[in-house]
Amino acid sequence: MDWLPFQKAKLYTNAFIRRDGRLLLGYKKRGLGKDMYNGFGGKVDPGETPAEAAVRELQEEAGITAKLKHRATLLFMSPEIPEAAHIEIYYAEDYEGNVTESEEMRPEWFAIPDSEERHKEVIQTPKQVDPTTGLRFIPYDQMWEDDKLWLPAFLSGHDFVGRADFDSQGHMQKWWFALTS
Ligand SMILES: Nc1[nH]c(=O)nc2c1ncn2[C@H]1C[C@H](O)[C@@H](COP(=O)(O)OP(=O)(O)OP(=O)(O)O)O1
């Protein structure tokens with residue numbers, strides 16, 4: 001397959017929160033990406049900066065406020081959406097408020113593998129539970145297919161840029177990723 005034609009992009013945000021060695025993800029209850037886990041985010045509204053939208057979406061979808069740091073940029077393309085999704089990805093290690101379920105997302109904490117090697121094992125053998133916390137490890141088998149390519153490095157502190165093109169069945173067909181720090 002060729003790269004999907006890139007004409008226009010629409011801005012989105014996505015925010016990942018880590019606290020006490022655990023990662024907060026949301027189970028998406030509706031829309032594209034339904035029944036998958038993801039960070040919290042959505043469309044940037046007119047007149048809003050991506051950073052402002054990231055804070056608003058995190059509050060709306062998970063009920064919490066955080067000082068988010070911009071860490072990555074992802075271009076997501078799919079025949080299912082008319083414009084590319086240009087996603088600015090944010091990160092924080094603390095937050096205020098109580099994590100709360102919203103109409104769009106059911107938040108859940110996951111154990112983070114302690115090395116990139118352990119991430120690979122968790123990717124190969126899904127549904128493993130961390131014996132010390134009783135939490136499931138990051139559910140890579142229930143996330144967008146490209147996330148397993150960058151999330152391990154992202155959680156070890158690397159920033160990145162990348163692009164992933166999907167087919168209408170939701171499978172990734174073409175991609176590139178580059179670490180920028
Ligand atoms: N972690 C991720 N990995 C990936 O490859 N694509 C992602 C992604 N997070 C989001 N996307 C893509 C898929 C989706 O089409 C688009 C928009 O993402 P979202 O699901 O966060 O936004 P929504 O369409 O729910 O927006 P709102 O209705 O404003 O919340 O970006």
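Indexing begins at 1, ligand by ligand and atom by atom, following the structure's order. As the structure is a computational prediction, the values presented were derived from the model and not from experiment.
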query: Do any nitrogen or oxygen atoms of Thr13 come within less than 3.5 Å of a nitrogen or oxygen of ligand 1?
result: no
message: Is it true that His86 and Glu88 share a donor-acceptor pair across their side chains at a distance under 3.5 Å?
response: yes
statement: A student checking ligand 1 against Asp147 at a 4.0 Å heavy-atom cut-off should list atoms 1 (N), 2 (C), 3 (N), 4 (C), 5 (O)
task: Return the option from Leu11, Asn38, Leu25 holding the heavy atom at the smallest distance from atom 9 (N) of ligand 1.
output: Asn38
- prompt: Would you call Glu104 a ligand 1 contact, heavy-atom distance under 4.0 Å?
  reply: yes
- prompt: Near Glu57, which atoms of ligand 1 are under 4.0 Å from a heavy atom of that residue?
  reply: 29 (O), 30 (O)
Top protein contact for atom 15 (O) of ligand 1, by heavy-atom distance: Leu32 CD2, 3.1 Å
message: Under 3.5 Å, is there a donor on one side chain and an acceptor on the other for Gln59 and Thr65?
response: yes
task: May I ask you to identify, for Glu145, whether its side chain, its backbone, both or neither come under 4.0 Å of ligand 1 on a heavy-atom basis?
output: neither
field: Those atoms of ligand 1 less than 4.0 Å from some heavy atom in Leu74
entry: 3 (N), 4 (C), 5 (O)
task: Tell me, please: is Gly41 in heavy-atom contact with ligand 1, that is, under 4.0 Å?
output: yes
field: Partner of Arg136 by side chain to side chain donor-acceptor pair (under 3.5 Å), out of Gln128, Gln142, Glu108
entry: Gln142
- prompt: Should we count NZ of Lys127 as having more than 12 external heavy atoms under 6.0 Å?
  reply: yes
message: To check your reading of the model: name the closest protein heavy atom to atom 16 (C) of ligand 1, its residue, and the distance in Å.
response: Ala85 CB, 4.0 Å
- request: Would you check the N or O atoms of Tyr12, main chain and side chain alike, for any that come under 3.5 Å of an N or O of ligand 1?
  value: no
task: Considering heavy atoms of the protein only, find what lies nearest to atom 6 (N) of ligand 1 and give residue, atom and distance to 0.1 Å.
output: Phe76 CD1, 3.1 Å
field: Glu83/Lys8 ion pair, N-O < 4.0 Å
entry: yes
- request: Give the residue, atom name and distance (to 0.1 Å) of the protein heavy atom nearest atom 19 (P) of ligand 1.
  value: Lys28 NZ, 4.0 Å
- line: Among non-hydrogen protein atoms, atom 5 (O) of ligand 1 lies closest to Asp146 OD1, 2.4 Å
Flag if over 12 foreign heavy atoms under 6.0 Å of CG, Asp35: yes
task: Ignoring angles and geometry beyond distance, decide whether Trp150 reaches within less than 3.5 Å of ligand 1 through its nitrogen or oxygen atoms.
output: no
- request: Using a strict cut-off of 4.0 Å, indicate which atoms of ligand 1 neighbour a heavy atom of Gly42.
  value: 22 (O), 26 (O), 27 (P), 29 (O), 30 (O)
query: Considering only heavy atoms of Glu61, which atoms of ligand 1 have at least one such atom less than 4.0 Å away?
result: 30 (O)
message: Check whether Lys29 reaches the backbone of Ser102 with its side chain - one donor and one acceptor, N or O, closer than 3.5 Å.
response: yes
Salt bridge (Lys or Arg N to Asp or Glu O under 4.0 Å) pairs, two or more places apart, involving residues 153-168: Arg71-Asp159, Arg163-Asp165
message: Quick check on Lys174: does its NZ atom have over 12 non-hydrogen neighbours (other residues, nucleotides or ligands) under 6.0 Å away?
response: yes
message: Starting from atom 11 (N) of ligand 1, what is the nearest protein heavy atom, named by residue and atom, and what distance separates them?
response: Ile87 CD1, 3.3 Å
query: Do NZ/NE/NH1/NH2 and the carboxylate oxygens of Glu52 and Arg56 come within less than 4.0 Å?
result: no
- line: Closest to atom 24 (O) of ligand 1 by heavy-atom distance, out of Lys10, Lys43, Met143, is Lys43
- request: Have a look at Tyr140 and tell me which of His119, Lys148, Gln124 forms a side chain to side chain donor-acceptor pair (under 3.5 Å) with it.
  value: His119
message: Suppose we screen for ring pair (Phe, Tyr, Trp, His ring centres under 6.0 Å). Which residues come up paired with Phe76, at least two apart in sequence or across chains?
response: Trp144, Phe166
- prompt: Is ligand 1 under 4.0 Å from a heavy atom in the side chain of Ala164, in the backbone, in both, or in neither?
  reply: neither
